[in-house]
Chemist: 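Here's a structure for you.
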Amino acid sequence: MTPAPENLERILFTEEQVSARIAEVAAEISDKYRGRDLKLIAVLKGSVFFLTALARAITIPLKIDFLAISSFGGPSRGPTPGLVRIAKDLDEPIHDEDVLLIEDIVDTGFTTRYLLQTLAGRGPRSLGICTLLDRSVRRIVQVPVDFRCFEIPDRFVVGCGLDHKQLYRNLGYIAVLDPERG
Ligand code: IMP
Ligand code: MG
């Protein structure tokens with residue numbers, strides 16, 4: 001079903017802007033990881049759209065893997081600290097690989113920090129973070145973001161993999177959801 005546009009307050013980044021920015025970040029990643037064993041790891045489901053767009057724009061060999069987390073959320077948008085667990089683990093080890101964790105959004109930072117700690121314990125050669133959106137104004141725990149496509153204001157957004165009640169992930173643009181009608 002096509003999501004109803006009247007639920008969206010405004011478009012923050014158009015599909016063209018998103019693709020252009022992803023291409024820039026993909027070029028940076030291709031330069032930085034040339035000659036290394038790059039593996040992109042995405043968290044289901046939100047980051048999958050970004051991962052596929054990014055992977056197609058990267059010009060060096062790479063592998064991909066996925067994990068899924070369950071969060072037992074409190075009242076905030078993201079999970080409550082300590083209440084995240086892995087619901088589906090990676091298929092392959094990451095020992096000695098150059099791992100880039102692909103995120104849809106880094107908000108409070110709790111989810112990303114949990115994932116970083118979990119992955120770091122498995123002995124990757126390097127471990128970086130690449131996020132489509134960074135809402136650093138809401139950060140509670142600090143995480144080192146190596147690559148970011150866009151910094152965003154403190155508004156709830158959907159599209160490019162980000163959902164509201166599992167809807168809107170398939171939008172090609174990033175939009176602010178109207179809190180009255182979302
Ligand atoms: P954090 O642990 O607070 O950084 O939360 C990150 C997670 O919260 C993301 O992976 C999203 O699933 C969700 N999230 C945070 N902000 C938004 C938003 O504006 N739209 C949709 N999902 C969001
Ligand atoms: Mg998510």
Side-chain angles (χ1 to χ4, degrees), residues 1 3-15 17-18 21-22 25 40-55 64-90 99-120 127-182:
M1 192 187 81
E6 61 269 21
N7 291 344
L8 306 179
E9 186 181 296
R10 70 190 156 102
I11 292 179
L12 267 188
F13 305 107
T14 65
E15 192 161 350
Q17 288 173 318
V18 171
R21 183 64 189 130
I22 289 177
V25 171
L40 307 182
I41 292 182
V43 184
L44 300 170
K45 309 167 196 143
S47 304
V48 170
F49 292 78
F50 178 42
L51 172 114
T52 54
L54 185 71
I64 62 172
D65 205 345
F66 299 93
L67 52 76
I69 52 173
S70 299
S71 45
F72 309 94
S76 68
R77 292 167 187 154
T80 311
L83 296 179
V84 185
R85 69 173 179 85
I86 292 188
K88 178 229 170 284
D89 207 340
L90 299 173
V99 171
L100 203 46
L101 177 63
I102 307 300
E103 287 276 25
D104 50 0
I105 183 167
V106 183
D107 189 33
T108 63
F110 283 119
T111 309
T112 308
R113 187 182 61 173
Y114 169 80
L115 291 168
L116 276 186
Q117 285 172 346
T118 302
L119 296 175
L127 181 56
I129 301 174
C130 174
T131 189
L132 177 63
L133 304 179
D134 190 348
R135 199 194 281 114
S136 58
V137 67
R138 277 185 33 101
R139 199 77 90 248
I140 297 173
V141 295
Q142 294 311 311
V143 288
V145 175
D146 301 276
F147 303 93
R148 79 171 55 68
C149 292
F150 301 105
E151 177 72 45
I152 62 163
D154 191 9
R155 300 297 309 278
F156 193 86
V157 296
V158 294
C160 296
L162 289 119
D163 73 302
H164 175 63
K165 298 180 180 168
Q166 299 300 329
L167 289 172
Y168 307 106
R169 292 192 196 275
N170 59 322
L171 297 178
Y173 49 84
I174 304 282
V176 174
L177 191 73
D178 185 336
E180 304 284 292
R181 288 176 288 185

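Just so you know, these numbers use all the heavy atoms, side chains as well, and skip hydrogens, waters and symmetry mates. Remember, it's 1-based here, ligands and their atoms both numbered in the order they're listed.
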Chemist: Decide, yes or no, whether a salt bridge links R155 with E9 under the criterion of side-chain N to carboxylate O below 4.0 Å.
Modeler: yes

Chemist: Below 4.5 Å, heavy atoms only, C-beta onward: do F50 and L133 meet side chain to side chain?
Modeler: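 Heavy-atom side-chain distance check fails, nothing below 4.5 Å.
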
Chemist: Taking atom OH of Y168 and atom CG of N170, what is their separation to the nearest 0.5 Å?
Modeler: 10.5 Å

Chemist: Give the atoms of ligand 1, by number and element, whose distance to some non-hydrogen atom of D163 is under 4.0 Å.
Modeler: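 What qualifies from ligand 1 is 21 (C).
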
Chemist: Please list, chain by chain and in numerical order, all residues satisfying side chain to side chain donor-acceptor pair (under 3.5 Å) with D65, sequence neighbours excluded.
Modeler: none

Chemist: Can you list the ligand 1 atoms lying under 4.0 Å from a non-hydrogen atom of T111?
Modeler: 1 (P), 2 (O), 5 (O), 6 (C)

Chemist: Output the list of atoms in ligand 1 that are nearer than 4.0 Å to some heavy atom of G109, sorted by atom number.
Modeler: 1 (P), 3 (O), 4 (O)

Chemist: Consider ligand 1: state whether an atom of it lies below 4.0 angstrom from any non-hydrogen atom of G46.
Modeler: no

Chemist: With side chains defined as the heavy atoms from C-beta onward, is the minimum distance between R10 and D178 less than 4.5 Å?
Modeler: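 A side-chain contact under 4.5 Å is absent here.
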
Chemist: Can you confirm whether L101 sits close enough to C130 that some side-chain heavy atom of one is under 4.5 Å from a side-chain heavy atom of the other?
Modeler: no

Chemist: Could I get the full list of side chain to side chain contact (heavy atoms under 4.5 Å, CB included) partners for Q166, not counting sequence neighbours?
Modeler: K45, D163, R169

Chemist: Nearest non-hydrogen contact with atom 1 (P) of ligand 1 belongs to which option: V158, T108, V43?
Modeler: T108

Chemist: Please state whether T112 comes within less than 4.0 angstrom of ligand 1, counting heavy atoms only.
Modeler: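 No, that is not the case, since the closest heavy atom of the residue is not under 4.0 Å from the ligand.
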
Chemist: Less than 3.5 Å between some nitrogen or oxygen of F156 and one of ligand 1, yes or no?
Modeler: no

Chemist: First locate atom CD1 of I129, then atom CZ of F147, and finally report the distance between them rounded to the nearest 0.5 Å.
Modeler: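 So the gap between those two atoms works out to 11.0 Å.
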
Chemist: Please work out whether any backbone atom (N, CA, C, O) or any side-chain heavy atom from C-beta onward of R135 is under 4.0 Å from ligand 1, and answer side chain, backbone, both or neither.
Modeler: side chain

Chemist: Could you list which atoms of ligand 1 come closer than 4.0 Å to a heavy atom of F110?
Modeler: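 Close to F110: 2 (O).
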
Chemist: Could you see which bit of D104 sits under 4.0 Å from ligand 1, with heavy atoms only: side chain, backbone, both or neither?
Modeler: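 The part of D104 near ligand 1 is the side chain, not the backbone.
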
Chemist: Can you tell me which portion of V157 lies within the under-4.0 Å heavy-atom range of ligand 1? Options are side chain, backbone, both, or neither.
Modeler: both

